[in-house]
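Structure first, then comments.
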Amino acid sequence: MIHLWLPIALVCVLAGAGAYGVIARRNAVLVLIGVELILNSANLLFVTMGSVRGDTLRTGQVLTLFLITIAAAEIGVALALILALFRKRGHIDLSEPGA
Amino acid sequence: MVILLAALAIPALTGTALILTGRDSVRASEANANLVSLVASIATAALVVATVVTRPKVDYQWLPSLGVRWQFSVDGISAPLLILTAALGIAVVVHARSYPPHGGSPTTFYGCLQLVELGALATFLSRDAVVFFLSFEIVLIPMWVLISRFGDSHDLPARVDASGRFVLYTVLGSTLMLVGILALVHSSGTANLDALAAARGAGLDRSTQMVIAALLLVGLGIKIPMWPFHTWLPPAHTIAPTAGSVLLAAILLKMGTYGIVRLVIAPLPIGFGALAPVFAAAGVVGILWGGLACLVENDLKRLIAYSSVAHMGFVVLGLSSGTTVGLQAALFANIAHGVVSALLFFLVGGLKERWGSADLATARAALREVSPRLGLALVVGFAASLGLPGLVGFWGEFLAMYSAWSPAADRPEGFMRVLAVLAVTGTAVAAGYSLRVLRLIWSGDRTTPAHVDAHGGEWSVLAVLVAAVLVLGVAPGIVLNTTSKDVSVITSEVSR
Amino acid sequence: MSELVLQATRLVVLAPFVASVLGLFVARRRFASAVIASTGAVVTLLAGSYLLYAVHHDSLAGEVSTIGALPLGQLRMPLHLLVDELSAIVVFAVGIVGLAIQLFTKWYLHGDDRYGVFTGTVSLFLAGMLLVVLSGDLVLTLVGWEVMGWCSYLLIGHYSRKDSASRAATKAFLVTRFADLAFVIGLIILASGAGTTNIRDLMATWSGMPGSTLLTAALICLLSGIAGKSAQFPFHDWLPDAMEGPTPASALIHAATMVAAGTFVLARLFPIFVLSDPARLILAVITAVTMIGAAILAFGQSDLKRLLAYSTISQIAIMLSALAVAPVATGSGPAVLYLLSHAMFKALLFLAIGWLSVLVAGTSAIALAGGVRHHKQLRVPLGVGFLALAGVPPLAGFVAKEYVLGAAHDNISELGSATGWIVMVAVGMSVVLTAAYCTRAWLILTHLSAEEEVTHEAAIQQADAIEDVSIIEIFTEPASEGGIPPDSAPASGSTVTDVLAEDVHAEPEHGHADIHRSARLSVGVLAFLSVVGGLIIFTPLVAVEPHITWWLAASSFVLIVASWAGVRYLAPVDGIGDAASRLGADRMELFDRGLGADGVYVALASQVVRLADIVVVADRQVIDAYVRGTVVVTRWIGVTGERVHTRKPSSYLVWLLVGLLVVGVVGVTSW
Amino acid sequence: MSQAVVAVNAGVLLPVLAPAIGAAAVLVVDVVAQRLRRTHYLIALVSLVVGAVGTFAGLGMAAGGVRQTLCLPDGGQCMYAADSVASGLQLAALLAAGVTLLLSWPDDKKQSSGNTAVIVSLVLAATAGATAVAGARDLGSWLVALELATLPTVALVALRGARSAISGAIALLTTALVSFGLLALAAALWFTATGSGFLTPAAALAVIDDPTRRPILVLSVALVVAGIGFKLSLVPFHAWTPEAYDGAPLPIAAFLAGVSKIAALGALLIVIRAIAPLGAPALTTIAIVAAASMTLGNIMALRQDSVVRLLAWSTVAQAGWVVMPLAAASSAAVFASGAYLLAYVLATLLAFAVVAALVQTRGAARARDLSGYHGLVHDHPVLAAALGLALLSLAGLPPGVLGLVAKVTALRPVVASELWLLAVVAAVNAVLGVAVYLRWLRVVMATAEPETDKTAPVAALAPSAHPATLVAVGLAALALVVTSINPQLILGLLGS
């Protein structure tokens, strides 16, 4: 059995990397990836704690599935919008002020 | 009970109806609006008098979720103010016959007057602290409209500034007051003003009382206006139309001092006692400050506004003393200032219409020469303003000074006595500025540019107010006997 | 007390008050105004007479309720009137003077379009004075006191078209009001110490604590107000300026009313005033300075009305000094006696001078010079007035002055305090000075003009002769001349009218109406009373023992004669015979300006105005600055906010995470 | 997984199911019969009304009353539980969505953009999310419902296709994504701390005594505040608001200002209720965020010349007021927050409705610019009156009594918890708020300039507003008037 600190450390790294990506990246898609990293850190935490706690409802695991689904929906909308942005502006740089 | 509700319903409905009436027939409806307003005001006044006489009580559930009830009734403290409000409600309408509003639709003008009256009446009638606050707020927007739309037509930026200052400053005050009210209601568990007064702060420790009292005093102090929160008043008065100035000075300011009696002095005796010296000091500074400013002020309306600051300082001083004498003085001075400032603002409003401005530096025809009636009213008005004994202004100020000299046992006597002496000095300053005005515009030998003397509606209003100044000055017992019973309940002092 | 007395008491105050209010409604109609005002004065006098009768005949004294007690918790304020011997006699005197002035005014302001307003104001003034006199309550005293002050403002400023009148009125009111500040404080101290404003009750309370510092403070405060109203140093300078008012107003203010009110109030409070030696000493010093200083100034005035004004200041000081020295046993009698006699002769002097000034169109010494030579009907009243003023035996002024000296003497002999000596010396000096300025005035009035001197060489000797005779005449004549009008007014009146008619014809440019019979009657009655008023000491009307300290009387008479002789010697034969011209023109001018007291007032007032300027600047730049400051701050935050909101989505994300950091840190730490 | 069969009560779920089914139905109908436009709207309105009716049973329940379903058989815990506050929010969301639909009612004269069905179904879907989140009691439904309420709005903003719309949508999207990431993390931390998937007080209480797990819970709450702060437009998570409002079509902006806020508050209240037993210190962050939102929102709103941006910033400020009571952490606070939100939504919707009506009559350029409102009271007195009522309600001044009562309600818990500093900040912001709305109102009330009046005669006003828009204005105005007369109608929804 792996120690608990390892997945938790990974959660922290993922969340931190995601946050950094969100802040530092200008490209919309890369920002999107940053968000995904954050979401995945949450997923990892759910799974980890779900396995540790082991309640009857399997909350951790179920919620992970939920999150993956939502993330997929999000990505769909987000990519569509980024596409529209690209069509209007010719770039997807988020550091450009809006109209 | 029906009487009381009708007294509130009539101005509310008339005001709303007038405002909502289209401005399609601006010219045709001028006289009609005045007539409707006049009838409504008279009916309201009759009902108010009936209410004061019969003293009904109204108690309906209104906001059970917040524990707010429509609780209205009359007692000795509010009765004189109600009568004053109702009377001036008629007076402004009658006066407006001589000076029709300009700057907007007359229906809006008269509607706003009705709503201001409604707010004032509701404030003085309400027995629920939260309803008190709501009523307090009713007057704001109509008054804002009166100032910003019907004010001095020459100066748009000044109108914007004056009306904005008025409404914003007052909202700050009333919101702070709301915070205080909510704290009071929460900590004492009742919103009923009578119950609050009866509890006399039982169960509230000193520090809580002080915090609540401080919030309420600052909030209500802005409305009074108490020094140093007074700078909204001079511009508002200067710009406002005559009716607005009158209602503002004679009634709206009184809501502040009335609120202090109801919300601070009665329910928070210990907290108020602790803050009273500061409060009194602010009042006395106001007396001197306002008076001194009047000595060099060259706009007559501003001058009267500053004199209001000084006069309300006496009210504040009386309130701070914590004795029956002080409270009686404050309540009387309230009424006195209501009458006197109404007289002066009616007068000066008319003069401003005649002169085109209220500037004292411009050479004018001496009032005594060209318009003896206005001259007489001016002399009586300023005589009362300087606190001449035998006129209405005297009793409140003298008794306030007395009360400051011998305050309640828990006040710092030495400090209060110093304040009393300073307040007395203020009366000399009042004499100074009053005579200055008389010398500038009443006496002299110029007869040009001539203007017509007061007549019709204007003169009847002035004459009635002059008579009121005299009658209340000669027989102050009319007011003092009305208030005494309830005042002695608040101070729980045994009369000697 | 009987119901009749109660009603009479109220009526005394009410009648002039009602007259003034009614008078306001008919102010445009001369006749109606005159009727109302005179009726008010008559009713007051009748009611006052009845009071006097009732008080002495039925020994009725007590309190009369007015508007009911005010409900003021711990402070009792019954607002009662107080009728006793003291108030009854003063009411009577005020009634007489008031009626006389009302009657005189009707003639004097014949051509004035504001006669109605004036006479109504006089009525109100009288109401105020009578309220002070009858007041049994400090607050009522204050009410009457201030009402009088306000009426004096209106009366002095009657000729409001004249800027000088308006200025004088303002000055009079402001100076007295300033002095009243301390008065009000004094009243408050007295009332709060006793818990009541009822004078008898509070005197009873305070009498129980004679050494009280607070009492001394209160009394000194009262003295300030009294000094203001009575025009004592340093508040004296308003009174000479008040001569800008019509002469009846001056007569009113100077005689039985306003300036004497201070004396009355102090007399009323005498039982507690005697308890405080410091206050008495202060009063003695103030009055000593005033009576001598004002007498000197009076001597140097180039305007005879102003001369009378300074003489009033000086006389009131003598009056007040009696209160400063009188031992408990002596009481306030001497002061009241002086008040009464001064009321009569000063009213007389003013009305007579006013009469004369109408005839010669002016009040300056030059205009009036030789006045009584041309208008002989004024010779007696003016002569009586000046003699009484100078305190020549046996006129009322003499009797009263002897009582003051007697009081000082009593003080020295009984108490041996410095106060007594101060007053004694000061009154002694003022006797000399008073005689001096009276003589000077009389010499001017009887001086023949330059042309007459040229045409009638012998006139100089004749003038001397007449001068000499005149004094003797006046000793002998009053019984016949001054005493006639009450008895046989119609006969005497018609003859004098004829004489006057000639004068009017002689001065067509003046065009003033023939003097009314009633006005002359007023003057006559006052002259009569000035002569025989001293006899009052033999009645029970004033609380004094009918005795005179003979060596004091004799020495003062010697002083008077010496002074008369000195001035007579100094008076030049050329010009207008003005003894004061020896002082030199420069000094005369200085005297006319009251030694520059006005300048001091103006300087003080300008300091207040400077303070006011500071306040206005502070109001704008300090108090209002934070109001405007909020606008500035709001705008600044807004501008900064706009700069920060770059509309860049990436920066929003930075905000979001920074916000998260803040929220997280605060949340965790503040748990 | 054990045999956990949840019991479903469709009646209780009706407020959620009705719009969801409606959304599906619209799409189905669109597939079956294209080119239909009004039908979609009718279906949507019907589904909203049905949903609204479904909330009635839950309104005004006594304290502790709750309608729940999706309950676990063994533990008795339910994944859906609507108390009266939740029911009130649901009703408000459904009605607000209805108003939104009325505002976007298709105009026959204009060419169809072809995506009517999409818009309607997205609105319904987002509404379903909003109603669902108010009742969600477990992490899963909470997250899903919240995202369901958010994602469609991104699409709705973007659908207009204009450049500004895309910009707004991008701003909204990026913030939404990151926020959701944070919320997901928050959910994970909650689970980590409590070991429970339910957002219940019981779960939170278990953590109190454990010093290692408590910080995790606090961090979780902080993340929730941040994540929901975005949706409520709380500073500093607010920056998208003006962009999105400005870029979106007006009805969608109204939707963002109304339904989205309701959804966000519903989500927040669940968490707040769950951690209420932990006490107020946990919520200091809320106090800070609330104070910052009010202040910045008002100050920025003061500087806006575009009315939509002004309303956007006003939303930021009002959001501060909405969450302010929550700093007190009590059931009264939850009630107060809900009440304030409802009052705000009603007033804001009315303001948006009036703007929408003006866009239709005067054109977008004029209606979206503040200066275009000059003299509105003369051109459109009725609309001006409605707008005035809405603005005054937002400002919290009579005659907008509802707004005033809402302020009273919101301040009550704050004062009760003696958060004096926060109360004073609120008082100052009441003033700023008044300044914001009166600035607009002053323009509305201004006397029409002669030249503009002449050049644009009233008769020549080309198109009149769409009836549906006018119905929306009328309904909202009526609701505001009625609730201003008797605010208990709104307060009562949320329980007594």
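Naming: A, B, ... by sequence-line order, numbering from 1 per chain. Keep in mind that this is a model prediction, so the values were computed, not measured.
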Could you have a look at D:Gly168, D:Gly247, D:Ala187, D:Ala165 and say which one has the most heavy-atom pairs with chain A under 4.5 angstrom?
D:Ala187
Decide yes or no for D:Thr153 and D:Leu256: does some side-chain heavy atom of the first lie under 4.5 Å from some side-chain heavy atom of the second?
yes
Give a yes or no answer on whether the side chain of D:Asp369 reaches the backbone of D:Ala365 with a donor-acceptor pair at less than 3.5 Å.
no
Below 4.5 Å, heavy-atom pairs only: which of A:Ala84, A:Ala78, A:Ala28, A:Gly34 has the largest tally toward chain D?
A:Ala78
Side-chain touch A:Leu4/A:Thr48, heavy atoms, less than 4.5 angstrom:
yes
Starting at CG of D:Leu311, measure out to CZ of D:Arg368 and round the result to the nearest 0.5 Å.
10.5 Å
Can you tell which of D:Gly140, D:Ser196, D:Gly197 has the highest number of heavy-atom pairs within less than 4.5 Å of chain A?
D:Gly140
Quick one: do the D:Arg213 and D:Thr192 side chains pair a donor with an acceptor below 3.5 Å?
no
Chain D shares the most heavy-atom pairs under 4.5 Å, among A:Ile82, A:Val35, A:Leu32, with A:Val35
Between A:Arg25 and A:Leu94, is a side chain to side chain contact (heavy atoms under 4.5 Å, CB included) present by the stated rule, with each step listed?
CA-CA 8 Å; A:Arg25 293 291 166 177; A:Leu94 291 184; over 6 Å; no
Below 3.5 Å, can you tabulate the donor-acceptor pairs from side chains in residues 62-76 of chain A to any protein atom, sequence neighbours excluded?
{"unit_1": "A:Thr64", "atom_1": "OG1", "unit_2": "A:Gly60", "atom_2": "O", "d": "2.7"}
{"unit_1": "A:Thr69", "atom_1": "OG1", "unit_2": "A:Leu65", "atom_2": "O", "d": "2.7"}

Can you name the nearest heavy-atom pair linking D:Gly181 to A:Leu39, along with the distance?
CA-CD2, 3.9 Å
For D:Pro249 and D:Leu156, the nearest pair of non-hydrogen atoms, with its separation, is CD-O, 4.1 Å
Under 4.5 Å heavy-atom distance to chain A, tell me which part of D:Ala186 shows up: side chain, backbone, both or neither.
neither
Distance-only side-chain donor-acceptor flag, D:Lys231 / D:Thr150, under 3.5 Å:
yes
Report which part of D:Phe198 has an atom under 4.5 Å of a heavy atom belonging to chain A: side chain, backbone, both, or neither.
side chain
Scored by heavy-atom pairs under 4.5 Å with chain A, the best of D:Val178, D:Leu183, D:Ile170 is D:Ile170
Leading residue by heavy atom contact count with chain A [cutoff under 4.5 Å; candidates D:Leu173, D:Leu189, D:Thr174]
D:Leu173
Within residues 12-22 of chain A, residues adjacent to chain D where the heavy-atom gap is under 4.5 Å:
A:Ala15, A:Val22
